[in-house]
Amino acid sequence: MPELPEVETMCRGIQCIAGSRITRVVLLPCTRRPIRLAPHFPMLARRVAGQRVVSVGRLGKRVVLELERGDRLMIEPRMTGLMLLADPPSHEHLRLRLDLASGRVPHVWYWDRRGLGVVQLLSARAFQSWLDRQPLGPDALTISSAELVQRLSPSRRPIKVALLDQRAIAGIGNLYAAEILHRAGVHPAQPCDQLAPRQWDALHAALRQVLREAIRLEGSTLSDGTYRNALSRSGRYQTRHRVYGRAGQRCPTCRKGEIVRMVQAQRSSFFCPVCQPLGRD
DNA sequence: ATTAATGTTCAGAA
DNA sequence: TTTCTGAACATTAA
């Protein structure tokens with residue numbers, strides 16, 4: 001579930017570790033199976049000890065810790081991964097602890113309730129070749145209107161499906177795609193190559209508004225309560241959801257339409273048929 | 001007790 | 001080249 005706003009919140013929350021030296025990496029026991037680590041992690045883990053954290057950054061939906069020797073600790077939270085400064089809420093599943101020699105906090109944790117996330121330690125070269133192999137699109141938070149149109153409009157795919165394609169644009173997941181399309185008044189099934197210029201403008205504006213507001217409110221904590229910020233506090237954007245997870249309810253914007261759930265690319269899409277008519281306006 | 005749903009990425013096929 | 005399908009992951013709600 002962590003999408004751009006949640007991952008951005010994690011990065012901001014642990015920003016204070018930048019400059020700290022990692023004294024050791026501890027993989028704590030978990031109830032079932034270990035988190036999915038790169039196969040060579042145990043060997044490379046020793047490399048981490050003693051290195052200073054140069055920067056904490058976000059790459060799409062991933063957290064990237066840049067270390068002083070150029071190594072990157074790349075964390076992909078997938079469904080239930082979290083970066084925490086506070087102690088993890090339970091002993092279940094993966095806990096990766098980086099002990100810090102300096103700074104205000106002694107440890108930073110990666111905790112993953114279901115263990116679906118991926119943690120990789122990459123050398124500078126491996127990181128570069130990963131970037132070459134896995135070209136992410138421009139970040140959704142900073143993409144320009146022209147770039148959005150240029151990258152998405154040639155496709156015949158439904159706009160909802162294209163928004164989820166990280167090579168086209170990086171950071172958007174299922175939840176925010178639904179909210180963005182609703183705010184823009186665009187039907188999720190509308191083919192990209194059939195959006196009118198004014199719809200692209202609306203989409204670009206909605207993209208910025210929704211993501212910025214979601215970051216301001218520290219992301220969305222759904223009913224399962226898994227997602228938390230670095231200090232273990234819930235996000236608050238879920239109170240602003242207008243369509244996501246609200247099938248059958250009246251649309252809070254127009255108060256006329258009933259939110260519909262449909263399946264696209266094996267994912268749930270939610271939209272209001274009144275606010276989001278199919279077609280060019 | 002079984003099944004479906006959940007979000008994301010990736011391998012492989014059309 | 002582009003687009004689609006299915007698998008994998010762990011857990012829980014139905």
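Order of the sequence lines sets the chain letters (A, B, ...), proteins ahead of strands, with each chain counted from 1.
- By the 4.0 Å N-to-carboxylate-O rule, Glu179(A) lies too far from Arg183(A) to be salt-bridged with it.
- Between the side chains of Glu6(A) and Tyr176(A), a donor-acceptor pair is found at a separation under 3.5 Å.
- Closest non-hydrogen pair, Val105(A) versus Cys16(A), comes out as CG2-SG, 4.4 Å.
- Contacts with DNA chain C (heavy atom under 4.0 Å) in residues 150-169 of chain A: Ser155(A), Arg156(A), Arg157(A), listed by number.
- Backbone-only contact: Pro2(A) has heavy atoms under 4.0 Å from sugar-phosphate atoms and none from a base.
- A heavy-atom distance below 4.5 Å is found between the side chains of Leu163(A) and Leu181(A).
- Distance Glu76(A) CD to dC9(C) P: 15 Å, rounded to the nearest Å.
- A heavy atom closer than 4.0 Å to some atom of DNA chain B occurs in Arg267(A), Ser268(A), these being the qualifying members of residues 262-272 of chain A.
- Contact between Pro77(A) and Pro2(A) at its shortest, heavy atoms only, is CB-CG, 4.0 Å.
- Taking both residues in full, the closest heavy atoms of Val56(A) and Val53(A) are given as CG2-CG1, 4.2 Å, listed atom of the first, atom of the second, then distance.
- Under 4.0 Å is where a charged nitrogen must lie from a carboxylate oxygen, and between Glu218(A) and Arg233(A) no such pair does.
- With salt bridges taken as basic N to acidic carboxylate O contacts below 4.0 Å, none links Asp112(A) and Arg78(A).
- Nucleotides of DNA chain B with any atom under 4.0 Å from a heavy atom of chain A span, from 5' to 3', dT6(B) to dC10(B).
- Ring pair Phe127(A)/Trp130(A) is parallel by interplanar angle, where below 30° counts as parallel and above 60° as perpendicular.
- Contact of the Leu152(A) side chain with the Trp200(A) side chain is registered, since non-hydrogen atoms from C-beta on lie closer than 4.5 Å.
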